Amino acid sequence: MIVRKPLASLLFLALVSLAFVPRPLPAQNPNPPAVFGYSDFTEQAKIEEKFLAIPDAKLAGQHLKFLTAEPHLASTPEDRKTAEYVAQKFRAAGLDTEIVPYRVLMNQPKVVRVEAWNAAGQPLMTGPTREHVEGDPYQDDPRVVMPFNGSSGSGDVTGEAVYANYGRLEDFDQLAAQHIDLHGKIVLVRYGANFRGVKVYIAEQRGAAGVLIYSDPQDDGYYKGDAYPMGPWRPETGVQRGSVHYIFKYPGDPETPGVASTLDLPDSARGSGYGNQPHIISIPLSYHDAAPILQALKGPGVPQGWQGALPFRYHLGAVGGQGGVKVHLVSQQDYQRRIIWDVMGTIKGSEYPDDWVVAGNHRDAWVYGAVDPSSGTAAMLESVHGIGALLRQGWRPKRTIVFCNWDAEEEGLIGSTEWVEQHAKALERAVAYFNMDVGVSGPDFSAAAIPSLKQFLRELTRAVPSPLGATVYDQWKNARPEGNEHRRSNAPPDPVGEAPMGDLGSGSDFTPFLQHVGVPSTDIDSGGPYGVYHSVFDNFAWYIQNADPKFVYLQEMARVFGLEALRMADADVLPYDYVSYAREISAYIDAAKRKAADAHLDSLDFAPAQAAAARLITAAQKAHALQLAPSGDLAKLNLALRQTETALISEAGLPNRPWYRHTIYAPGEFTGYAAVVIPGVNEAIDAKDQGRAAQQLTVLTQALTRAAQTLEGAW
Ligand SMILES: [Zn+2]
């Protein structure tokens, strides 16, 4: 469900012809460089070279074609068919393969209707209009689900429309400052700037009766460039479906936070869905359907920054009584406990079978999902193909590798969350989770990671050739893409001259691994101009026209993703960089201290947390020396390195959302995608709650002290 921040990639068209030319792999270096985590990289370099030669662009294209042949919403027969395809490829590569079902609460739409009238009672529109452009070969399939929001409420409401820009907290606050009451209103917001569930969450808190979320052409339509089928951007009728599940409270099955929804879990052990779902209706719209409503709104003109790209002046509406635009919403959602299917493929480790390297992406799509997520699955299948070739030559990883193909990610990270909840204990030994979601929408590699794995990822991408020439690392470093919305945070800047990397917020399947059980995680993608997110037009025809006609970026992502698993599984010493991590944490604390001072929360004492962070930096420096020249018991060193991340988990979890237990990273309650760092402390400061901030500083200090002690246990 990742949201892309589309890039204006001027180079793309110029370079796309070069991208057709397959580049030879770099010749093997006779003296392979030192690689962090390996005392002697010579043998591993040969294994990696063999691996990198296998992922095949053409085969990746065939996987993509199969996976996107039919709409495959989670829990449908077509979704099951794609699960079987993935399982078959896993088995063919020699993985111990299982299709793992869960039974989870999800809605599918029965009726979705929007009607609007102007002040004179004249009809303005009825919708949603069926998505349509000239000549798209996929749009008319009767199985294309009507535009709807996962986790929307059901009902039939009528109210006056109010425009609320992106539906950020500050947007709603601005309406409140203008004394615009939202009780009983239909709030019209545009996509962008935060997670759609956050828009509905705040609207619900402010008393709105319903929410319409539309795609403004300024954000991913003609304002950015040519619309599909001329170009990659969203056409007039294109709708962004998506979940409004409150993932920032907890992801996964709404009825079972913290518990796996296995088939044998009795209904009596399931709760109500409303812990992480809205009560009110929300419906996504195209700008074709939203424009007549927006244009008819009267009342105050919009504040600076609220005007979109439709060719008229926007107004807030909300004139009250006479003169408003009346909107009628009907939403009949069929909520049922439905079966979903994760596909798991395991290769048992030869030396550390209990230490898992987990690598996954999701498979379910709102419609065809060529970019989101089938490009990720197609690339992963070629990673598995490469690993399978090594297995046939007698290679075995030192640690167990588990490849995962999640279901129902789109509805709220459901397949991954249920699996993590089921295996929470075993995952305390998992050394990494590598995620991919929107694998390829263009040529710009980007990544987000826990700080301990940022250098691992930078180093590894230096070993993978880019279709643009040189290595993935070179292309990544020079392109400096804007990054994705869920990756923004107040993190310190990247080291000078290094490829930029964001922090992990939420919006994809790394969330349960990192933020619930504390598995060090990364997330990678190859991005580009992509305006058809979650619409019927994210299909194979769009993909080969706009993203990757020769599938060379699928091949690139297969190599990077597979190499992450391979290099981590075989490392002598776990290649975690705790020095950078501890320094980042220290910087987060300094930033929070400044913010508290600005907010006049003067009695807060940051010294103990700063001292604990300093102790962690010292321990990390010592650990780093040991990692470079390990002596003694490697298993003991590795265990201490791994448990240091677990030490950052707080059993109590965050105030008001105990499912989120990581003391350093969480999705923001009011951003959804973007990470909030040291969330317990920062959110208490934001709320100007001095007591809670003090208590959360204590929790943080304890976690950092635990982490330092754990690391010190390595020697
Ligand atoms: Zn996705």
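Remember, it's 1-based here, ligands and their atoms both numbered in the order they're listed. For this chain, numbers begin at 1 and follow the sequence in order. Note that the coordinates shown come from a computational prediction; the quantities given were computed from them, not determined experimentally.
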Report the name of the N/O/S atom of [X] located nearest to the Zn ion (ligand 1).
{"X": "D372", "result": "OD1"}
{"X": "H362", "result": "NE2"}
{"X": "D437", "result": "OD1"}

Does some side-chain heavy atom of H516 sit less than 4.5 Å from a side-chain heavy atom of T417?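 They are not in side-chain contact.
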
For the residue pair Y246 and E204, establish whether any side-chain heavy-atom pair is separated by less than 4.5 Å.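 The answer is yes; the side chains approach within 4.5 Å.
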
Do W366 and F148 make the cut of ring centroids closer than 6.0 angstrom?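 Ring centroids of W366 and F148 are less than 6.0 Å from each other.
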
Could you tell me how the ring of Y85 sits relative to the ring of F66: parallel (under 30°), tilted (30 to 60°) or perpendicular (over 60°)?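 Because their plane-to-plane angle is under 30°, the rings of Y85 and F66 count as parallel.
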
